Trainee: 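Sharing a structure below in structure tokens format, with a few things to ask.
Residue numbering restarts at 1 for every chain, and letters A, B, ... go by the order of the sequence lines. Keep in mind that what you see is a predicted model, and the values were worked out from it rather than measured.
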There are 2 protein chains.
Amino acid sequence: MDKKPAGKSEPPGKRINAKRLAEDLDVSISTISRAFNKDAVIAPETRSKVLDYADRLGYRPNPYAQSLITQKSRIVGIIVSHLENPFYPEALRGLGEALREAGWHVMLFTVPSGETPDDILPLAISYQPEFVIVMAVTVSSRAQEVAERAGTKLIYFNRRDPDSSTFFVICDNAHGGGMIADHFIDTGCRRLAYIAGFQNASTTLDRWRGFRDRCIARGVSDVWREEGFSFSYEAGYRAAIRLMKRHPSPDAVFCASDIIALGCIEALRTEFGLRVPEDVSVAGLDNIEMAAWPSHSLTTYSQPLDRMIEATVKLIEEISIGAESETVAWQIKGDIIVRKSTRPPPGGKRSEVVPDSPA
Amino acid sequence: MDKKPAGKSEPPGKRINAKRLAEDLDVSISTISRAFNKDAVIAPETRSKVLDYADRLGYRPNPYAQSLITQKSRIVGIIVSHLENPFYPEALRGLGEALREAGWHVMLFTVPSGETPDDILPLAISYQPEFVIVMAVTVSSRAQEVAERAGTKLIYFNRRDPDSSTFFVICDNAHGGGMIADHFIDTGCRRLAYIAGFQNASTTLDRWRGFRDRCIARGVSDVWREEGFSFSYEAGYRAAIRLMKRHPSPDAVFCASDIIALGCIEALRTEFGLRVPEDVSVAGLDNIEMAAWPSHSLTTYSQPLDRMIEATVKLIEEISIGAESETVAWQIKGDIIVRKSTRPPPGGKRSEVVPDSPA
DNA sequence: ACGATTGCTGCAAACGATTGCAGTCCATTT
DNA sequence: AAATGGACTGCAATCGTTTGCAGCAATCGT
């Protein structure tokens, strides 16, 4: 075919391996290996000679052979079930980059709509990743057992499992719920409602708990809960309609996620002709990028994604070098971000400056 | 040593391998291997004996050893550069599932903001995937060479490279531009504008070409082009502002992507007090899920994602079995979807329900 | 000056599979 | 009865690394 004699010498059509380098440079295969191994004993000039030549040839150690011999794959599997919730692409991007920077390879597994993360786990495990991060709201407790048998560590991201001792990293959802409750009450709202997400998700539960507890603590007992059944725009839209039928005229709605909140707002506007925030305040939780768009300008509680990612990578690194880390779990606080979907606080301050809308 | 009779359960703490099975079942390692290899010669009862026992022990052939010996990884790498454009998560999810169904493992590589897909390619290649799908708008032509040298096939998704002979799968962007132009002109718009994305992206170019050519063909010569420099909400917002300064009062704007269109609409509304579609029609291209939300209700041209994914997997399968497929490229037509961000057509019909037109 | 130490390198045995080739067993043909 | 063939199975080489151990030269301590 169109095979050019590239540069100096492209002798055989074989894939270049350590042996080839070794012969060309007149050293042993061991030396090649050591040149690439950060803390191996090797003369500096030998190392750079090898590395330079390797670079010229485009050689990199074969990771399969490496995995085979070292019994480590440096692979992290990520199972993600709801990419339609923008929170997940954002998290995925950050996590992917952070992990790669730390020298891990990321293998991705999305969960088909009909299935659960549990169904995908065996498949994920078959590639013997050292870790599997589950970025999904619902997983059975059996997952932990399956993973353990395969020697894979499980880490939950944005989810905790009360029953098991699995590692997890989440934001302080109860705190978030509480902050939103405070904000509602501070701005004079008294007829409050919550729109839930997946019924058994820890995120749904914790956010509700934090919200309701704070309301009660502050003497507001009129708190309605409407099920959303999932974390999506449509879920929010439909739940809002049901909410209005069963619990007319709330003056503030806290939604279990931003994307639910956006659906909810839309329903309130188009189905009931309500103005947000004049007639009803709506807040979410996540602080996805979209929430800051002027057209939405959603008040929300931000998940501290950067710190959550940082914690996850740190956790992985620690476990990986065998440090039986005591901090088996991370729960990180976020901040409330007040925008225009809720009534302004007495002082009139908002967290962010956003362009004014036309009258 | 500590060799327990191969009784029922879990003897030593070692990872189970073919050798272990072979000893327990009193066959050779070859036989174990053959039991798992679909079209290897082996007595049916021997196979099921092996498979049953393997299942009991939770054994699966070590993929690293397999890859090493067969020189095939069954891995497809996906490089994705702009997850903030919702089109990509949607595509990613679909592709991931389709590939997995076809028996491939998906390795994900996101491109950090400062870098280009080219920077990531060597890393992606180091895991010797059989294919790398580049879901990104800009890649240099050198990429093809790098991949080839490593024996990895490159496939562009949603992008074509005029210079090289790389496989690619895209939608018919020029057709899309043309359909939007028709729609604008049919609904009485005459002062047209286009907001571009990345300047050198094939998608930007093809959509512009299709749009402008059709305009000219129909005798509308007042077509302005404003650079957007990227495919994002902010890009659309800012480009719209510039557009209005330099080319006042267009009556229709075609944006190079849905997400640009959403930003554009927002700018027109908040910065200039314009109504959409009464004062100006705005259309995008992609048909991301959000476009259908009532709050946006964006007229757009749908990328035939399902068929694009199907084509991609088919391409991979064909190349993989060595069929020197002639269809080195797929270009698939989509459909225009008329919603409420553009003036209604004379008949007053909109196609909120996607028209199911055959190819 | 001599043994001990240091600093580097090579040998060879793994890791866990696949697969061409040769061998065994049994049934069928001549 | 011997030869042929078919259906399986086992042997052993191989893929490309890592790493403990041994070897060897140069340097050091006394």
Side-chain angles (χ1 to χ4, degrees), chain A residues 12-51 53-54 57-75 103 105 125-128 130 150-151, chain B residues 12-51 53-54 57-75 105 125-130 150-151:
Chain A
K14 282 266 289 181
R15 208 190 216 67
I16 44 227
N17 53 18
K19 189 174 167 207
R20 160 80 188 284
L21 290 219
E23 282 166 2
D24 288 5
L25 294 175
D26 220 40
V27 296
S28 74
I29 298 180
S30 314
T31 300
I32 305 296
S33 170
R34 282 191 263 258
F36 281 91
N37 196 329
K38 203 66 186 165
D39 32 41
V41 202
I42 184 175
E45 58 269 31
T46 311
R47 163 170 284 148
S48 56
K49 183 177 72 176
V50 171
L51 257 29
Y53 188 61
L57 255 58
Y59 165 84
R60 305 199 57 168
N62 182 314
Y64 301 114
Q66 284 181 315
S67 297
L68 193 54
I69 192 74
T70 61
Q71 304 285 44
K72 312 224 148 198
S73 63
R74 295 296 296 175
I75 283 187
H105 295 263
I125 282 178
S126 81
Y127 242 85
Q128 309 193 347
E130 296 183 49
Chain B
K14 280 266 291 181
R15 209 190 214 67
I16 45 228
N17 53 18
K19 189 174 167 207
R20 160 81 187 283
L21 290 218
E23 282 167 2
D24 287 3
L25 293 176
D26 219 41
V27 296
S28 74
I29 297 181
S30 313
T31 300
I32 305 296
S33 169
R34 282 190 263 258
F36 280 91
N37 195 329
K38 203 66 186 164
D39 32 41
V41 198
I42 185 175
E45 59 271 30
T46 310
R47 163 171 285 146
S48 56
K49 184 176 70 176
V50 171
L51 257 29
Y53 188 61
L57 255 57
Y59 165 84
R60 306 197 56 167
N62 182 314
Y64 301 115
Q66 285 181 314
S67 297
L68 195 54
I69 191 74
T70 61
Q71 305 283 43
K72 312 223 150 203
S73 61
R74 296 292 302 172
I75 284 187
H105 294 263
I125 282 178
S126 81
Y127 242 86
Q128 310 193 346
E130 296 183 49

Trainee: For a quick check under 3.5 Å, do Ser33(B) and Ser30(B) share a side-chain donor-acceptor pair by atom type?
Mentor: no
Trainee: Side chains of Leu57(A) and Arg20(A): closer than 4.5 Å at any heavy-atom pair?
Mentor: yes
Trainee: Under 4.0 Å: is that the gap between some side-chain N or O of Asn17(B) and OP1 or OP2 of dG16(C)?
Mentor: yes
Trainee: Select from Asp26(B) and Leu68(B) the residue whose nearest nucleotide in DNA chain D is closer to the 5' end of that strand.
Mentor: Asp26(B)
Trainee: Which nucleotide sits closest to the side chain of Gln71(B): dC8(C), dC15(D), dC8(D)?
Mentor: dC15(D)
Trainee: Look at all strands and tell whether Ile29(A) reaches a base, only sugar-phosphate, or nothing, counting heavy atoms closer than 4.0 Å.
Mentor: base
Trainee: Whole angstroms only, please: what is the CD-P distance between Gln128(A) and dA17(C)?
Mentor: 9 Å
Trainee: Look at the side chain of Pro61(B) and decide which nucleotide, out of dT9(D), dA17(C), dT9(C), has an atom nearest to it.
Mentor: dA17(C)
Trainee: Does the structure show a Watson-Crick or G-U wobble partner for dT30(D), both distances under 3.5 Å? Name it, or say none.
Mentor: dA1(C)
Trainee: Send over the distance from Tyr64(A) OH to dT18(C) C1', rounded to a whole Å.
Mentor: 16 Å
Trainee: To the nearest angstrom, how far is Lys38(A) atom NZ from dT19(D) atom P?
Mentor: 16 Å
Trainee: Less than 4.5 Å apart, side chain to side chain, heavy atoms only: is that true for Leu68(A) and Asn62(B)?
Mentor: yes
Trainee: Measure the distance from NZ on Lys19(A) to P on dA12(C) and round it to the nearest whole Å.
Mentor: 15 Å
Trainee: Categorize Ser67(B) for me: base, sugar-phosphate, or nothing, with a 4.0 angstrom heavy-atom threshold over every strand shown.
Mentor: nothing
Trainee: When you measure from the side chain of Arg74(B) to the backbone N and O of Ser67(B), does any donor-acceptor pair fall under 3.5 Å?
Mentor: no
Trainee: Nearest-nucleotide wise, let me know which of Arg34(B) and Val27(A) is further upstream toward the 5' end of DNA chain C.
Mentor: Val27(A)
Trainee: So, for Tyr59(A) and Ile16(A), which heavy atoms are closest and what is the spacing to 0.1 Å?
Mentor: CD1-O, 3.7 Å
Trainee: Check whether any side-chain nitrogen or oxygen of Ser30(B) sits under 4.0 Å from OP1 or OP2 of dT19(C), and answer yes or no.
Mentor: no
Trainee: Which part of the nucleic acid, if any, lies within reach of Thr31(B) when heavy atoms closer than 4.0 Å are counted: base, sugar-phosphate only, or nothing?
Mentor: sugar-phosphate
Trainee: Can you measure Asn37(A) atom CG to dG10(C) atom C1' for me and round it to whole angstrom units?
Mentor: 17 Å
Trainee: How is Phe36(A) classified with respect to the nucleic acid when contacts are heavy atoms under 4.0 Å: base, sugar-phosphate, or nothing?
Mentor: nothing
Trainee: Pairing check on dC25(C): which nucleotide meets the Watson-Crick or G-U wobble criteria with it, both distances under 3.5 Å?
Mentor: dG6(D)
Trainee: Round to a whole Å and report the spacing from CG of Asn62(B) to P of dC15(D).
Mentor: 18 Å
Trainee: Counting side-chain heavy atoms from CB outward, which of dC8(D), dT18(C), dG16(D) is closest to Ile69(A)?
Mentor: dG16(D)
Trainee: From CZ of Arg20(A) over to C1' of dT17(D), roughly how many Å is that when rounded to an integer?
Mentor: 17 Å
Trainee: Looking at every strand, decide which applies to Thr70(A) at a 4.0 Å heavy-atom threshold: base, sugar-phosphate, or nothing.
Mentor: sugar-phosphate
Trainee: Rounded to whole Å, how long is the line connecting atom CD1 of Ile42(A) with atom C1' of dG10(C)?
Mentor: 12 Å
Trainee: Is the phosphate of dA17(C) approached by Tyr59(B) (side-chain N or O, under 4.0 Å from OP1 or OP2)?
Mentor: yes
Trainee: Hey, which sits more toward the 5' end of DNA chain D by its nearest nucleotide, Pro44(B) or Gln66(A)?
Mentor: Pro44(B)
Trainee: Just to verify, which of Thr46(B), Leu51(B), Val27(B), Ile42(B) counts as forming a side chain to side chain contact (heavy atoms under 4.5 Å, CB included) with Ile32(B)?
Mentor: Val27(B)
